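Please read all numbers here as calculations on a predicted model, not as lab measurements.
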Amino acid sequence: MGALALQGCAKKETQGTPEGEAVSFTRNIKPIFDTKCVACHACYDAPGQLDLRSVKGIVRGAMKIDPYDGRPTSMEPTFVWNSPNTLEDWRKIGFFSVIEGGRDSIMGKLLALGHANPVAPDAQFPADFKIDQMERKKYLPNPYEIDGYVAQFPKEGMPLAVSGLTDEEYEATMSWLEDGAPIDYEAPKPTAKELAQIRKWEDFLNADDKPSKLVARYIFEHMFLVNYRFEDRDDSNLFIIVRSTTPSGEETVPVYQHLPNGEVEGDFYYRFMLLDESSCHKMTRLQLLASEEKLNRWKHFFSEEDWSVDQLPGYTDPERFDPLGTFSAIPAKARYKFLLDNGWYIRGQIVHGPSCYGNLSIGVMRDMQW
């Protein structure tokens, strides 16, 4: 994501770090973001779309946008995880840095404001705080507006309206910003056991015959929002299933398409990609253990009866919006057993979505469940 992510750490003694060692993003800063920030800054609906779960999101920064604002035409998706955009591309779209400038950065000024005006614990919430999410979207300050924001809202710093940073966390973050916000993070890697299990699943989902291709599409379009574990450990890696332009054995290159049934140019393969983001309750609640037993059960559902496919469906609008027609070749009993076996996940993808503004979504969720 540019040179910023590759900077080394300058030597500096900082409160909360071992004597003589620099503040480390991985050791000191990332835990602060994970415990004090990602509850809000973790999804498309995050303030300013500032996603602090990943290095890409942190470096990309924020953008003045209201995701609920009615617009006559569609806009380009701004998801971080599957985007081929460079840092320069994001800047052209309108994203600006919140970490450049040391203590005078947007993050530095908002953290200073919050640290100077902490919310009293176990006390009545201040009546003059503007916490309505829809209203606050009007006040997201860019680099040219941050000083005006501080003057207009002298008590509304970050973290907003919740337990603020401790003195040690605050000083560590400010020292990190002053050092140029260096990032010494290394992404986790799949274990050998995970890779072996993933290969079995990918071989199943990428078989060449037409019935297998239709089953793979059926599974993907029903389970693409689920997080998969391939080892039965609480601390094992999380993976998501994606459509990739590269086959098994090569680096996963996810298709830049925000719809699971959107049309893709050229060949693609169903792959499991490691989710290199901090876990957030509202975003990583649906976790499935992709065990050998689970794989064999899914295989059995779709092979229990003899069936065939004359012509694979395409991705035109009539086909995309008619799933009963698109998947009609798959025996109804097989589809029923699969949906029943995964009912918790399919329902959960509706009610466990990443909505930060519940009043706007509750009616939709009720309609969808009905």
Side-chain angles (χ1 to χ4, degrees), residues 81-82 189-233 236-255 257 259-264 266-275 286-315 319-320 323 326-346 348-349:
W81 65 272
N82 70 339
K189 298 182 182 301
T191 66
K193 184 176 181 181
E194 288 171 337
L195 290 173
Q197 185 70 357
I198 286 172
R199 190 55 186 258
K200 295 177 183 179
W201 279 78
E202 289 184 354
D203 287 346
F204 165 59
L205 292 170
N206 293 300
D208 285 335
D209 60 284
K210 288 181 180 179
S212 294
K213 286 181 176 290
L214 188 60
V215 165
R217 176 175 174 177
Y218 183 81
I219 291 174
F220 174 74
E221 293 185 12
H222 283 82
M223 303 292 285
F224 72 100
L225 290 178
V226 173
N227 295 322
Y228 296 82
R229 293 186 183 275
F230 292 93
E231 289 194 68
D232 193 8
R233 298 183 293 108
S236 63
N237 290 313
L238 291 175
F239 297 79
I240 53 176
I241 186 172
V242 300
R243 296 184 295 180
S244 171
T245 58
T246 53
S248 297
E250 298 182 18
E251 182 180 355
T252 303
V253 181
V255 169
Q257 166 64 260
L259 296 175
N261 60 357
E263 189 169 5
V264 179
D267 295 333
F268 64 85
Y269 308 86
Y270 296 107
R271 302 286 306 280
F272 289 94
M273 188 175 78
L274 193 145
L275 190 62
L286 298 168
Q287 298 180 10
L288 182 147
L289 178 60
S291 63
E292 194 88 14
E293 187 272 336
K294 174 70 76 173
L295 176 59
N296 290 333
R297 190 161 70 247
W298 287 12
K299 288 180 178 179
H300 176 70
F301 292 155
F302 298 106
S303 62
E304 195 173 8
E305 299 179 37
D306 290 330
W307 57 284
S308 62
V309 179
D310 295 327
Q311 180 67 40
L312 287 172
Y315 289 89
E319 292 166 307
R320 291 195 302 118
T326 296
F327 300 112
S328 60
I330 302 175
K333 185 177 180 180
R335 286 179 278 141
Y336 170 74
K337 285 188 173 183
F338 179 82
L339 295 176
L340 192 63
D341 191 63
N342 298 286
W344 188 86
Y345 296 97
I346 293 167
Q349 291 175 74

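- For residues 190-200, the pairs satisfying salt bridge (Lys or Arg N to Asp or Glu O under 4.0 Å) are Arg199-Asp203, Lys200-Glu292, with sequence neighbours left out.
- Remark: Arg229 pairs with no residue by the salt bridge (Lys or Arg N to Asp or Glu O under 4.0 Å) rule, at least two apart or across chains.
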Test ring pair (Phe, Tyr, Trp, His ring centres under 6.0 Å) applied to Tyr270 and Phe268, step by step = CA-CA 7 Å; Tyr270 296 107; Phe268 64 85; 5.5 Å; yes
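- Across every non-hydrogen atom of Ile219 and Leu205, the tightest pair is CD1-CD2, 4.1 Å.
- Separating the CG atom in Leu274 from the CG atom in Leu238 is a distance of 8.0 Å, to the nearest 0.5 Å.
- Between Leu214 and Pro313, the closest side-chain pair of non-hydrogen atoms falls below 4.5 Å.
- Counting non-hydrogen atoms of other residues, nucleotides and ligands closer than 6.0 Å to NZ of Lys333 gives a total of 12 or fewer.
- Between Lys189 and Asn237, the shortest heavy-atom distance links the atoms O-ND2, 3.3 Å.
- Cation-pi check for Arg243 over Phe224 is not met; the charged atom does not lie both under 6.0 angstrom from the ring centroid and within 45 degrees of its normal.
- With 3.5 Å as the limit, one finds no donor-acceptor pair spanning the side chains of Glu231 and Ser236.
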In sequence, state the C-alpha distance, the side-chain angles, and the governing distance for Thr326 and Arg217, and then conclude on side chain to side chain contact (heavy atoms under 4.5 Å, CB included).
-> CA-CA 10 Å; Thr326 296; Arg217 176 175 174 177; 4.0 Å; yes
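- In this structure, Ser244 and Met273 have side chains that are not in contact, with every pair of non-hydrogen atoms separated by 4.5 Å or more.
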Between Tyr315 and Leu259, does a side chain to side chain contact (heavy atoms under 4.5 Å, CB included) hold up when you go through it step by step?
-> CA-CA 11 Å; Tyr315 289 89; Leu259 296 175; over 6 Å; no
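- Qualifying salt bridge (Lys or Arg N to Asp or Glu O under 4.0 Å) partners for Glu319, counting only residues two or more places apart in sequence or in other chains: none.
- Interatomic distance, Tyr345 OH to Gln287 CD, rounded to the nearest 0.5 Å: 8.5 Å.
- Inter-residue side-chain proximity for Asn227 and Leu286 is flagged as unmet; no heavy-atom pair is nearer than 4.5 Å.
- Shown here are the side-chain contact (heavy atoms from CB on, under 4.5 Å) partners of Ser291, two or more places apart in sequence or in another chain: Leu289, Glu293, Lys294.
- The ring pair (Phe, Tyr, Trp, His ring centres under 6.0 Å) test with Phe272 singles out one residue from Phe239, Phe230, Phe220, Phe204, and that residue is Phe230.
- Identified under the salt bridge (Lys or Arg N to Asp or Glu O under 4.0 Å) test for residues 305-315, with sequence neighbours left out: none.
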Run the side chain to side chain contact (heavy atoms under 4.5 Å, CB included) check on Thr252 and Val242 step by step: do they pass?
-> CA-CA 9 Å; Thr252 303; Val242 300; 3.8 Å; yes
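- When side chains are defined from C-beta on, Trp81 counts as touching Pro254, because their heavy atoms get closer than 4.5 Å.
- The ring pair (Phe, Tyr, Trp, His ring centres under 6.0 Å) search around Phe301 returns none, not counting sequence neighbours.
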Can you check side chain to side chain contact (heavy atoms under 4.5 Å, CB included) on Val215 and Trp298, steps first, answer last?
-> CA-CA 10 Å; Val215 165; Trp298 287 12; over 6 Å; no
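- The backbone N or O of Arg320 lies less than 3.5 Å from a partner atom in the side chain of Asn261, making a donor-acceptor pair.
- Here the CG atom belonging to Leu288 is positioned 10.5 Å from the CD1 atom belonging to Ile241, to the nearest 0.5 angstrom.
- Separation of atoms CD (Glu221) and CZ (Phe327) is listed at 4.0 Å; rounding is to 0.5 Å.
- Closest heavy-atom contact between Ala329 and Ser308: CB-O, 4.0 Å.
- Of the inter-residue distances, the one linking Tyr269 atom OH with Asn206 atom CG reads 8.0 Å to the nearest 0.5 angstrom.
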